[in-house]
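To start, the structure itself, in structure tokens.
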Amino acid sequence: MDTAIRGATVVDGTGAPPYRADVALAAGRIAEIRRDPKAPRLTGRRVLDADGLTLTPGFIDMHAHSDLALLRDPDHSAKVAQGVTLEVIGQDGLSYAPVDDRTLPQVRRAIAGWNGDTTTDGEPAAGAVDFTWRTVAGYLARLDAGPTGDGLPVNAAYLVPHGTVRMLAVGWDDRPATPAELDRMRALVADGLREGAVGMSSGLTYTPGMYAPDAELTELCRVVAAHGGYHCPHHRSYGAGALDAYAEMIAVARASGCALHLAHATLNFGVNAGRAADLLALLDTALADGIDLTLDTYPYTPGCTALAALLPSAAHEGGPDALLARLRSDTEAARIRHTLETTGSDGCHGVPVDWDTIEVSGVAHPDDPALATHVGRTVAAVAHDRGEEPFAVARRLLLADRLGTTILQHVGHEENVRAIMRHRAHTGGSDGILHGAKPHPRAYGTFPRYLGPYVRDTGTLTLPECVAHLTGRPAARLRLPDRGLVREGHRADLVLLDADTVADGATFAAPRTPPTGIHHVLLDGRLTLHHGHRTDALPGRVLRRA
């Protein structure tokens, strides 16, 4: 045996009660689980003493934004230190494949706030990522190599991003696709799935994806279903129209026959306080009707996005340059402000923006003092200190930072967070944006936060339930037959943690603080975290759709 783990309390990812066992690993797989306390101890070339520790499957981050981080940072401790062994990227309808020479710079600029990928003049930045690919197959091959050519710190799975596909076929116009354009989108989605993507994401409060009618989504989801994938929508509202937006995505799933995974499925803003029961009843009805449905959440109340995403979709039509031109125009800016502050923009989920809840978490150009001073402060606070209107602060920031500003949006409700995470279709996803001076702590703390505050401290979930939400259930959604469980023959993606001390260290004041209580992480049997310290192992690869 390569490794023997002795005396662990095994929580196997099925939801079953824990048991004590020795576990032996060989050739990247779980070779033997020995539960008989009277049997001889398992041995191996390496022995990990797990007395007092809990052994779980590796955690699966069902909603990650590491699309460029995996190509830049071989350490990637933000996720490895949490026990994450697999991330699902290509989220919210926007990522870096498939593209062409026209759309690659557009998508890079559109999601620079997520990934930090522009220069001071707003053009795509040079650096560690070469962007030589154009297809999904090319991007996945580039991911396989990792930052150094030796592999990845975690495994990755990819969703074909609908908004990026629409950019290629339709552009940035707010209109339905023509029959020829829809045919091209069908072909692009099918190509991506054949090349290894596990499904399709859509971002229906982000342009250009929000311009798609339901009929377009249904047609593309039929393609996804035919290839055995799933649809992962960031639906049209998490605010005033949230329940209708959830029902809309369920209707698309019903019409297309496509499996549905609801991204960061929560209910935010004052209009939704205490309404989790309404959402859960909607989900239960869909499940009873035979809809193949799962969802993910992060265990925090604030959200995180780009500041530009709050603006009305009409302001984005034509792409980033057109949006910047509208912001420069006093007349156009006044229209944007009215929609944003009075009627409620579709980008802000139909709710008039409350600038006291909008905290700047990062800027694309932190070396510019005029921009960096905004970080960690709300737009309202900056406006008060400067004697300005909040919209004037936001407008100036968007123009100076070339749309690259990220924000925290403090609009969530703890009772909704707890109720939704208990649901039988729930999985864990960090939605973690790693870019910015003060990113959301969920990027560094989601999984230990589930295990500490929500299992040990409040009893919101039992430990076996929670581990199943973070491992076995997402592996089933991804149709991974040999991951997500502690079971003989399965891949040795494993975490050894102290259930009495595991906790998130990341806070809003110090968002990059590592967690505590996670001792060892193994990926395909190789230690990526050893006694709490990152090793130099890079055993990760892209897990392609089977």
Side-chain angles (χ1 to χ4, degrees), residues 3 5-13 15 17-23 46-61 75-87 153-154 297-300 417-418 421 427-430 432 440-472 474 484 486 492-523 526-535 537:
T3 302
I5 301 169
R6 288 183 172 176
T9 298
V10 178
V11 179
D12 67 4
Y19 61 88
R20 188 174 174 87
D22 290 357
V23 179
R46 174 190 291 113
V47 174
L48 295 177
D49 180 4
D51 187 44
L53 299 181
T54 298
L55 180 69
T56 76
F59 304 134
I60 298 175
D61 189 341
D75 183 75
H76 205 49
S77 286
K79 297 299 179 69
V80 175
Q82 295 184 62
V84 171
T85 55
L86 169 59
E87 296 184 275
V154 298
T297 70
Y298 47 83
Y300 299 85
V417 170
R418 294 192 190 194
M421 74 168 64
T427 68
S430 71
H440 196 303
R442 67 193 184 194
Y444 290 76
T446 286
F447 295 89
R449 184 171 176 82
Y450 269 117
L451 297 165
Y454 288 96
V455 171
R456 183 185 60 245
D457 299 342
T458 67
T460 305
L461 293 167
T462 68
L463 182 59
E465 286 173 337
C466 186
V467 170
H469 288 214
L470 306 182
T471 62
V486 181
D493 301 346
L494 301 168
V495 177
L496 274 164
L497 58 90
D498 186 336
D500 293 330
T501 64
V502 63
D504 54 316
T507 65
F508 288 98
R512 290 189 169 90
T513 307
T516 56
I518 295 181
H519 291 230
H520 308 289
V521 180
L522 298 102
L523 179 59
R526 294 176 61 188
L527 282 163
T528 56
L529 194 78
H530 192 210
H531 294 296
H533 298 286
R534 178 73 174 94
T535 71

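- Pairing each heavy atom of Lys79 with each of Ser430, the nearest pair is NZ-OG, 3.6 Å.
- For Thr507, there are no side chain to side chain donor-acceptor pair (under 3.5 Å) partners, not counting sequence neighbours.
- Each of Leu497, Asp61, Ile60 was compared with Phe447 under the side-chain contact (heavy atoms from CB on, under 4.5 Å) criterion, and only Asp61 meets it.
- The shortest heavy-atom contact between Gln82 and Gly445 is OE1-C, 3.5 Å.
- No cation-pi contact links Arg442 to Tyr300, judged by a cut-off of 6.0 Å to the six-membered ring centre and 45° from its axis.
- Results of the side-chain contact (heavy atoms from CB on, under 4.5 Å) test with Cys466 over Val11, Val455, Thr471 single out Val455 as the only residue that passes.
- The aromatic ring centres of His531 and His520 sit less than 6.0 Å apart.
- Ion pairing of Asp493 with Arg526 is absent here, as no side-chain N (NZ or NE/NH1/NH2) approaches a carboxylate O to less than 4.0 Å.
- The side-chain contact (heavy atoms from CB on, under 4.5 Å) test with Leu451 is passed by exactly one of Thr56, Leu463, Asp504: Leu463.
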Run the numbers on Phe508 and His440 for ring pair (Phe, Tyr, Trp, His ring centres under 6.0 Å), then give the verdict.
CA-CA 7 Å; Phe508 288 98; His440 196 303; 5.3 Å; yes

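- For His519 against Asp498, the heavy-atom pair with the smallest separation is NE2-CB, 3.9 Å.
- Annotation: side chain to side chain donor-acceptor pair (under 3.5 Å) contacts of Tyr444 (sequence neighbours excluded): Arg512.
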